[in-house]
Amino acid sequence: MSDSGKILQIPENPPSFFNRSLTMSSSSSTTVQQNNNNKPNNNNSFNRTSSFKKLITSVVEPKVKKLKNIFLEAIKTTSSSYSNEEAEKSIGPRLAGTEDRIVVYLTSLRGVRRTYEDCYAVRMIFGGFRVWVDERDVSMDSAYRKELQTLLKRKPSLPQVFIRGNYVGGADVIKQLFETGQLAQTLKDFRVREAVGFVCESCADMRFVPCWNCSGSRKVFDEDQGSLSRCLECNENGLIRCPRCSSSSVNV
């Protein structure tokens, strides 16, 4: 009973459940405040967004519009030049002064079998329609070959056909137009020969005859100079176009 004389001392502010709750509440409020401090400032983010939009509007968009205009101009220039080239290709070369006739550049030589057969086939197709054809034999007159090369700007194959001054094409094109019936529609306005199977009595359909001025020798006597000179009426072969069948105005 030695401890009976001691007095139990009670602290003035004893810990209680309520004090613990207050401590927890104060600590949680401190944590919330720290979290709020760690969050980014909404005003700062808004300022960054607005500045970025200003940068796009003032710098990026003008450059994009400028590049777009340059690109569109390049497309227009390219398309216009391309359309002009395609138009020239589709129209093709024109043979001036032949708007009232059919012109066929061909050869009567049989040096190349395929070429001769194509020329013969085209002649027969037009002969079937009984229309007059201005046949220009490049083997008889080299001027026709040079003329054709100048028109097509290349060394062409034979035959080559022009109708009313417009370039049509070679043997394959004429055969295709003939088979589809388009050639008949194109030739319906041309004058038709009255005689069927007509063969020229002057040149036998060769379209050339010997020169009447020099008899095909290509030389004539110049009385003023007292010497021979080059005949100016014929070509390099001493030939001239047949006057009977070389004109569409001749009634055959």
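Along the sequence shown, the residues carry numbers beginning at 1. Since we're looking at a predicted model, the values are computed, not measured.
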Pair Val220-Ser229, side-chain contact (heavy atoms from CB on, under 4.5 Å): steps then yes or no: CA-CA 5 Å; Val220 293; Ser229 62; 3.6 Å; yes
Gln160/Leu152 under side-chain contact (heavy atoms from CB on, under 4.5 Å): CA gap, chis, key distance, verdict: CA-CA 10 Å; Gln160 296 295 332; Leu152 301 183; 4.1 Å; yes
Tyr105 and Glu135: CA distance, side-chain angles, deciding distance, side chain to side chain donor-acceptor pair (under 3.5 Å) verdict: CA-CA 6 Å; Tyr105 291 88; Glu135 296 180 359; over 6 Å; no
side-chain contact (heavy atoms from CB on, under 4.5 Å) evaluation trace for Ser142 with Glu236: CA-CA 8 Å; Ser142 61; Glu236 73 278 5; 3.2 Å; yes
side-chain contact (heavy atoms from CB on, under 4.5 Å) evaluation trace for Arg241 with Asp134: CA-CA 11 Å; Arg241 292 296 298 269; Asp134 184 0; 3.0 Å; yes
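No path of Ile, Leu, Val, Met, Phe, Trp and Tyr side chains, each step under 4.5 Å between heavy atoms, connects Val103 with Phe178, placing them in separate hydrophobic clusters. Both Met206 and Leu158 are members of a single hydrophobic cluster when ILVMFWY side chains are connected at heavy-atom separations under 4.5 Å. If you chain together hydrophobic residues whose side chains sit under 4.5 Å apart, Val168 and Phe129 fall into the same group. The hydrophobic clustering, which links ILVMFWY residues whose side-chain heavy atoms are closer than 4.5 Å, places Val122 and Tyr144 apart. Met140 and Leu148 fall within a single hydrophobic cluster, where Ile, Leu, Val, Met, Phe, Trp and Tyr are joined by side-chain heavy atoms under 4.5 Å apart, directly or via other members.
The salt bridge (Lys or Arg N to Asp or Glu O under 4.0 Å) analysis of residues 155-173, with sequence neighbours excluded, yields no pairs. Each salt bridge (Lys or Arg N to Asp or Glu O under 4.0 Å) pair with one or both residues in residues 215-235, not counting sequence neighbours, would appear here, but there are none.
With respect to Glu179 and Lys175, no salt bridge is recorded, no charged nitrogen being found less than 4.0 Å from a carboxylate O.
Contact check for Ile102 versus Phe162: no side-chain heavy atoms found under the 4.5 Å cut-off. Between Arg136 and Arg207 the shortest side-chain heavy-atom distance does not fall below 4.5 Å. Taking the side chain as every heavy atom from C-beta outward, Cys242 and Val209 approach each other to under 4.5 Å. The shortest distance between side-chain heavy atoms of Gln176 and Gln182 does not fall below 4.5 Å. Counting only heavy atoms from C-beta outward, the side chains of Cys231 and Ser217 never approach each other to under 4.5 Å. Residues Phe190 and Ile163 meet the side-chain proximity criterion, which asks for heavy atoms closer than 4.5 Å. Considering only heavy atoms from C-beta on, Asp118 stays 4.5 Å or farther from Leu106 through its side chain. Here the side chains of Asn235 and Ile240 are not in contact, with every heavy-atom distance at 4.5 Å or above.
If you take CG on Leu95 and CZ on Arg101, they are separated by 9.0 Å, rounding to the nearest 0.5 Å. One distance of note links CG of Asp137 with CG of Leu109; it measures 6.5 Å at 0.5 Å rounding.
Across every non-hydrogen atom of Asn237 and Asp141, the tightest pair is ND2-N, 4.4 Å. For the residue pair Ser108 and Tyr116, the shortest heavy atom distance occurs at O-CE1, 3.9 Å. Residues Cys200 and Asp205 approach most closely at N-OD1, 3.1 Å, considering heavy atoms. Nearest approach of Thr107 to Cys119, heavy atoms of both residues: N-SG, 3.6 Å. Listed here is the closest heavy atom pair of Pro159 and Val104: CB-CG1, 4.2 Å. Smallest separation of non-hydrogen atoms from Cys245 and Trp132: O-NE1, 2.9 Å.
Residue Glu201 qualifies as open at atom CD: its count of foreign heavy atoms under 6.0 Å is 12 or below. Atom CD of Glu117 sits in a crowded spot, with more than 12 heavy atoms from other residues, nucleotides or ligands closer than 6.0 Å. Heavy-atom contacts from other residues, nucleotides or ligands closer than 6.0 Å to OH of Tyr120 number 12 or fewer. For Arg114, the CZ atom counts as loosely surrounded, since its 6.0 Å shell holds 12 or fewer non-hydrogen atoms of other residues, nucleotides or ligands.
A cation-pi arrangement, defined by a distance under 6.0 Å to the six-membered ring centre and an angle within 45 degrees of its axis, is absent between Arg94 and Tyr167.
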